[in-house]
**Q** 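Okay, here's the structure, questions in a sec.
Chain naming here is simple, since letters A, B, ... match the order of the sequence lines and numbering starts at 1 in each. Only this structure's heavy atoms are used, side chains among them; waters, hydrogens and symmetry mates stay out.
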Protein chains: 2
Amino acid sequence: MTSSSKLLVPRLEPHEAGLSRYAAIAASLRARVAAGEWPPGSALPSEQVLASEQGVAVATLRRALELLAAQGVLERVHGRGTFVRASLGGAPMLRFFRFGDGNGEIPASRVLQRREATPPEEVARELGLPHGARALHLLRLRCLGGRPRLLEDIWLPLPLFQALAETPTAGWDALFYPMYAQRCGVHVQRATDSIAFDTLTPAQAAHLQLPARHPCARVQRLAFDLTGRCVEVRTTYGDAHAFHYTIQIT
Amino acid sequence: MTSSSKLLVPRLEPHEAGLSRYAAIAASLRARVAAGEWPPGSALPSEQVLASEQGVAVATLRRALELLAAQGVLERVHGRGTFVRASLGGAPMLRFFRFGDGNGEIPASRVLQRREATPPEEVARELGLPHGARALHLLRLRCLGGRPRLLEDIWLPLPLFQALAETPTAGWDALFYPMYAQRCGVHVQRATDSIAFDTLTPAQAAHLQLPARHPCARVQRLAFDLTGRCVEVRTTYGDAHAFHYTIQIT
DNA sequence: AAGTGGTCTAGACCACTCT
DNA sequence: GAGTGGTCTAGACCACTTG
């Protein structure tokens, strides 16, 4: 009756699944990114376009984009646009170690071994492989200042990484993640590093030119792509005395 | 002349120091928190009040509060208010270790030694103490399932922690940070943990009931209060084989 | 019921990047 | 200059907590 009762902000259906509008939009955009609608490195449509497409105000659409940026899915650049984050860059294992020589240097890489094999139970589980499935197994040595410093034991699921089973390892890049993207279409978006202390087996010690049973830091990395699938299990070994890592606590 | 040229959004002076309005307000609020205007645990005025006090829109003031919340200075609770974060809770050192027994258990605490002494050069520098200044030195053993598991070496600057130099250690709490707040008015707001690998000295090994030169994880924690002052240097030793820690990478 | 923070709108203006 | 994201406003409404 009264003209002052005008509804200024039209309410849509409330929260279909307990999600706020911007969280629902973020989830939807995330799914479209994972489905490959916008490939890694490419730009999304502008805020204006996405907002009208979703039928919300620009500010609401922005919250969704900011959420995904905070989660590492997107990258926003002032004046240029919003982009799907490309592969994790180096994710440098050297942040865990401090060797006296060659600080800041890019570690040289040498693949010692490449073979197809059935991975251990635990690795197969992480990779989501059926029992007895085959995978690519790599052994890689990384040197700094001409000295062997890190030994890496890498498992890759095999239908996906077939390209790496065929090309000669001598021509491979020093950084694997960009190579995975380029040669196999696999984009590492997120990873977890689990640190433990151990001792080197005689074989490992020989590669690193350290005495057998020398104490080592063991870092197991699980790498995931945009869909949440684990695409690499990598275990890195290095001299325990060179290990150091600092964590911020708030 | 034309009525349509009305300036809807009055612009204030631009960015006095390259800071956006909300970032400047956040810095100002942070300083007021550090100065003790709102003690840890207490509530700030409401968004409405702060916004009119600062002469900005509520949304702008909100961005400042959200920034400080993300930085761990404030804590926002829907329906209740915005609060200055009290001391870091446990900041549980046990997240670094996995012992077979007593998981989830609260570790028993026993102070082995308390003395006033001149701290080592490095500790004095971290604490910002003048050369030769005295400090409180504690040695503390933490047990799980009746077995000694962690040895802690703690340095506290002395004018500040005088209260702890006088009361009997038997009555101390198992968690130190809340005790610092209660007895000394020191609120730990932030900390850094630096992990390294080492071997136990004979004395350390004896306390932990391990063989001398046993491999250990050494975690050095620097604790800071709201003003950014370092208020505690704590080094924790535990069996290297029980160490584990997982880091998320994005 | 009153007060708090959380979501959302519609729009203006600013700062940056590319061409 | 056109297009992008970044800041800010003024206000309505929603959801949660407490008396």
**Q** Is there a donor in the side chain of A:Thr246 and an acceptor in the side chain of B:Ser194, or the other way round, less than 3.5 Å apart?
**A**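 Present: a donor and an acceptor within the cut-off.
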**Q** Taking everything shown except A:Arg110 itself, do over 12 heavy atoms lie less than 6.0 Å from its CZ?
**A**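 Atom CZ in A:Arg110 is not crowded, with 12 or fewer foreign heavy atoms closer than 6.0 Å.
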**Q** Protein-nucleotides 16-19 of chain D N/O pairs closer than 3.5 Å?
**A**
none

**Q** Does NZ or CZ of A:Arg98 fall inside the cone over A:Phe243's six-membered ring, less than 6.0 Å from its centre and within 45° of the axis?
**A**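 Output no; distance or angle outside limits.
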**Q** Think A:Tyr22 has a side-chain N or O under 4.0 angstrom from the OP1 or OP2 of C:dT7?
**A**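 Checking A:Tyr22 against C:dT7: at least one side-chain N or O falls below 4.0 Å of OP1 or OP2.
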**Q** Can you find a side chain N or O atom of A:Thr60 that sits less than 4.0 Å from OP1 or OP2 on C:dT7?
**A**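 False: A:Thr60 side-chain N/O out of range (4.0 Å or more) of C:dT7 OP1/OP2.
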**Q** Side-chain donor-acceptor pair under 3.5 Å between B:Tyr177 and B:Glu232, yes or no?
**A**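 There is such a pair between these side chains.
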**Q** Check the side chains of B:Arg30 and B:Gln71 for a donor-acceptor pair under 3.5 angstrom, ignoring hydrogens and angles.
**A**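 Checked: B:Gln71/B:Arg30 side chains pair up, N/O donor to acceptor below 3.5 Å.
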**Q** By nearest atom, which of the nucleotides C:dT7, D:dC8, C:dT9 is closest to the A:Ser20 side chain?
**A**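 Selected nucleotide: C:dT7.
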**Q** Check this one for me: any side-chain N or O of A:Thr82 less than 4.0 Å away from OP1 or OP2 of D:dT4?
**A**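 So the side chain of A:Thr82 is outside the cut-off, no N or O lying under 4.0 Å from OP1 or OP2 of D:dT4.
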**Q** Assess, by modelled atom type and distance only, whether the side chains of A:Thr235 and A:Trp155 contain a donor and an acceptor separated by less than 3.5 Å.
**A**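 No, A:Trp155 and A:Thr235 have no side-chain donor paired with an acceptor closer than 3.5 Å.
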**Q** Measure from the side-chain heavy atoms of A:Arg63 and tell me the nearest of C:dT7, D:dC8, D:dG5.
**A**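 Looking only at side-chain atoms, A:Arg63 lies closest to C:dT7.
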**Q** Under 4.0 Å: is that the gap between some side-chain N or O of A:Arg62 and OP1 or OP2 of D:dG5?
**A**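 False: A:Arg62 side-chain N/O out of range (4.0 Å or more) of D:dG5 OP1/OP2.
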